[in-house]
Amino acid sequence: MNPAERLVYKTLVLTWPFYAVGALYLVGPVIAWLLGGLAVLSLYLGPAMRKDLRVTGTIPPVIWAWILGMFVMLVALWVGHLNWSMGMKSTIKSSIGWAKGWALMALFPLAGALLPIRREVLVRGQCVIGMGTLVLAPIMLVAPFIGLPEKILTSPLKAVGGPGPEYFSVYFFTYDPSNWTPRWQFYAPWSPFAALLGVVMVLFALEEKTAKWRRIGIAAGVLMILASKSRMGIVGLTACTVGPRMLPLIFRGWMWQIGALATASLAVTGPALVQGATDAISAFKNARADSSRVRAALQRIAGERWINEAYWFGHGRVQPGSHAVEYMPIGSHHTWWGLLFVKGVVGMLALLIPFVLQTLIALVDAAKGPRGRLPLGIMMTLTLLSFGENVEIEAYLLWPGLVVLGIHARELHDEKTGVVAASA
C-alpha cells in the first residue's frame, strides 16, 4: 500500500477503537482534509511528487460538480446568516460546521479521483470493521438482558463542538421510546443510521474476492440492519444490493420480451398491484407510527416555513421544534426538506445537481458491467438515507463510499481520455 492507502486502511480498521473513545466524529473531517490536501498537493507538484502518490490524470467533471456544489453551500450559508442577522460568531461556528459536514461530500470524492487508492483497500477495510462488529456483538446483544447500562460514556472530546452529545457517546444499546424495546446502533450515533451503514458494509463485502472476508462483511452488515430494527435498512438491503446487479439485464432481448408481457398484463393485475403497494406502504408507516408522524410533521413545517419565509437562501440553520415534533429541530430528519429550510433553493440545487450526475454515471456504468455496481449501490443508499436523515452530518462515517465515488469517476475519466488519446 502507498501512504494514502495506508492512511485510509488504518483509519478503517481502527473504527471501533476510535468509537470507544468517542473520537469518530473528529476522525472523519481530519481524514477528509488530510486526503483532500494531499490530493491538491499531488496535483500541484505533478512529476515532482513521489511516484506512488503521483496524480496521473485531471479532475473529472463530476468531481468539479461536487466541489462547486459544496462551495455554493458555503456561500448560501453566509447569505442565510446575513439575511437573518445571526452575527459573526454564529457565522464562523456554522462555517466550521460546513468544514466538518458538507465539505466532506467534495473532499473524499476528490481524494478518490486523484490519489492512487485502490478499491480493494477500502473493501478489505470495511470487512475488518465487520470482524470487529461480530466480535463485540455478543456482549452488546445481551447487555439489556443482564442489566448493563445503555450509555457507557460521553467523551470529553465533545468540547470541540458538534451536532450533539450522541456523536461523542459510546453505547451498548438504546431503548426505543415508542415501545421501550432495545435497539442497537453499533458505532453510529443512532439506530436507523447504523442500518444504512450495515447496507454499505454488505455492498463493500460483496466486492471482496476472499470468501472468508466476504462472509464476515456480509454477516456483520446484515446483523447491523436487523439489530437496528430499521425499516429503511431492510429496504436498502434488498434494493441496493439486487438493483445494480439486475441492470445489465436491460441489454438482454429476452428481458425486453418479459417486460412487454408484464406491461400488457397490468391491464388485469394493475388494480391489485396498486392496492398491494398501498397496503405495503401503510404497513411500513404503521410499523413505527410515532416516528412516521414526527417525520411527516417536520417535513410539513419545514416546507411551509421555507416557501413563506426564506425561499432562496433559507434560514441559515436548523431551529428548535415544538412538542408537536417531540422537540426535534426543524430542518432535520430529511436532507432535501432540511436543505430547503436551512439553505433554500440555492442550497438544495447545490446538492441535487452533483448528486444526480453521480447517480446517472453509476447507473449507466452498472448497466454495462460489474464496475458500476458498488458506486450505484452507494448512491442508492445515499438516496435512501437522504429521505430519512441529514446526509452531511453523517458523511464522517460514509466516507469510504464517497472515496469509491471518486475512484469510479477516475476510472471512467481515464477510460474516456485513454480512448481519445488512442484515436488521436
Side-chain angles (χ1 to χ4, degrees), residues 1-57 59-60 63 66 99-100 103-136 157 187 197 200-201 203-210 212-214 216-217 220-221 371 374-375 378 395-411 413-414:
M1 291 188 287
N2 60 53
E5 290 178 327
R6 280 198 296 272
L7 177 61
V8 165
Y9 183 75
K10 289 182 179 179
T11 303
L12 283 172
V13 301
L14 290 174
T15 292
W16 276 106
F18 283 138
Y19 175 70
V21 296
L24 273 180
Y25 181 72
L26 299 181
V27 170
V30 169
I31 293 298
W33 285 97
L34 284 176
L35 289 175
L38 185 60
V40 172
L41 180 64
S42 181
L43 185 65
Y44 175 74
L45 293 179
M49 193 71 173
R50 53 183 291 172
K51 190 174 181 180
D52 59 354
L53 286 176
R54 196 172 299 166
V55 173
T56 57
I59 300 176
I63 304 302
W66 282 111
K100 294 188 291 185
L104 276 57
M105 301 292 290
L107 290 170
F108 283 123
L110 175 66
L114 293 183
L115 296 175
I117 300 172
R118 292 167 293 164
R119 289 191 188 202
E120 293 82 358
V121 174
L122 293 159
V123 168
R124 179 58 59 83
Q126 283 282 356
C127 292
V128 173
I129 297 175
M131 182 177 66
T133 302
L134 294 178
V135 168
L136 295 170
L157 292 172
Y187 52 90
L197 289 175
V200 171
M201 185 172 292
L203 290 172
F204 273 92
L206 289 172
E207 303 292 317
E208 173 61 57
K209 294 179 174 62
T210 303
K212 179 189 75 172
W213 285 111
R214 183 167 60 250
I216 288 173
R371 182 177 59 185
L374 180 57
I378 290 168
Y396 76 101
L397 287 179
L398 294 167
W399 67 266
L402 299 176
V403 175
V404 165
L405 297 180
I407 293 172
H408 184 236
R410 179 186 72 205
E411 292 167 346
H413 190 60
D414 289 349

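The first residue of the sequence shown is numbered 1, and numbering continues consecutively from there. Only heavy atoms go into these numbers, but all of them, side chains included; no hydrogens, no water, no symmetry mates. Quantities reported herein were computed from a predicted structural model and do not represent experimental measurements.
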Query raised in the report: Given Leu14 and Val27, is the side-chain contact (heavy atoms from CB on, under 4.5 Å) satisfied, shown in steps?
Result: CA-CA 10 Å; Leu14 290 174; Val27 170; over 6 Å; no

Query raised in the report: salt bridge (Lys or Arg N to Asp or Glu O under 4.0 Å) with Arg119: which residues, sequence neighbours excluded?
Result: Glu411

Query - From OH (Tyr19) to CG (Leu136), nearest 0.5 Å - result: 10.5 Å

**Report entry** Interatomic distance, Ile407 atom CD1 to Arg371 atom CZ [nearest 0.5 angstrom]
**Finding:** 12.5 Å

Report summary line: Checking Val40, Leu45, Leu114, Leu41 against Val55 for side chain to side chain contact (heavy atoms under 4.5 Å, CB included), the one that qualifies is Leu114

Query raised in the report: Hey, what do you get for CE (Met1) to CD (Glu120), rounding to the nearest 0.5 Å?
Result: 12.0 Å

Query - Validation row: Val403, Val8 side chains within 4.5 angstrom (heavy atoms) - result: no

Query raised in the report: Between atom CG of Leu374 and atom CG of Leu405, what is the distance when rounded to the nearest 0.5 Å?
Result: 8.5 Å

**Report entry** Side-chain donor/acceptor of Thr15 to backbone N/O of Leu12, under 3.5 Å
**Finding:** yes

Query raised in the report: Which heavy atom of Ala220 sits nearest a heavy atom of Met201, and at what distance?
Result: CB-SD, 3.6 Å

Query raised in the report: With sequence neighbours left out, what residues match Leu53 under side-chain contact (heavy atoms from CB on, under 4.5 Å)?
Result: Asn2, Pro3, Ala4, Leu38, Met49, Arg50

Requested in this report: Using a 4.5 Å cut-off on heavy atoms from C-beta on, say whether the side chain of Tyr396 contacts that of Lys100.
Outcome: no

Query raised in the report: Which atom names give the shortest non-hydrogen contact between Pro47 and Arg54, and what distance separates them?
Result: O-NH2, 3.4 Å

Query - Any Leu397 side-chain heavy atom under 4.5 Å of Tyr25 side chain - result: no

Query - Close side-chain approach of Ile378 and Phe204, heavy atoms under 4.5 Å - result: yes

Query raised in the report: Excluding sequence neighbours, so at least two apart, what forms salt bridge (Lys or Arg N to Asp or Glu O under 4.0 Å) with Arg118?
Result: Glu5

**Report entry** Closest non-hydrogen atom pair, Pro116 against Asp52
**Finding:** CG-O, 3.2 Å

Requested in this report: Could you check if a side-chain atom of Tyr187 sits within less than 4.5 angstrom of a side-chain atom of Leu197, using non-hydrogen atoms only?
Outcome: yes

Requested in this report: Report yes if some heavy atom in the side chain of Trp399 is under 4.5 Å from a heavy atom in the side chain of Leu104; otherwise report no.
Outcome: no

Query raised in the report: Would a 4.5 Å heavy-atom cut-off, applied to side chains only, mark Arg410 and Ile63 as touching?
Result: no

Query raised in the report: Which atom names give the shortest non-hydrogen contact between Ala111 and Gly36, and what distance separates them?
Result: CB-N, 4.5 Å

Report summary line: dist Leu157:CG -> Leu24:CG (nearest 0.5 Å) comes out at 10.5 Å

Report task. Start with the C-alpha gap between Glu208 and Gln126, add the side-chain angles, then the distance that decides, and say whether side-chain contact (heavy atoms from CB on, under 4.5 Å) holds. Result -> CA-CA 10 Å; Glu208 173 61 57; Gln126 283 282 356; over 6 Å; no

Report task. Kindly compute the distance separating CD1 (Ile59) from CG (Leu43), expressed to the nearest 0.5 Å. Result -> 5.5 Å

**Report entry** Flag side-chain contact, heavy atom, 4.5 Å: Leu26 against Phe18
**Finding:** no

**Report entry** Any donor-acceptor pair under 3.5 Å from Trp33 side chain to Ala99 backbone
**Finding:** yes

Report task. Work out which heavy atom in Phe108 is nearest to a heavy atom in Leu402; give both atom names and the distance. Result -> CB-CB, 3.6 Å

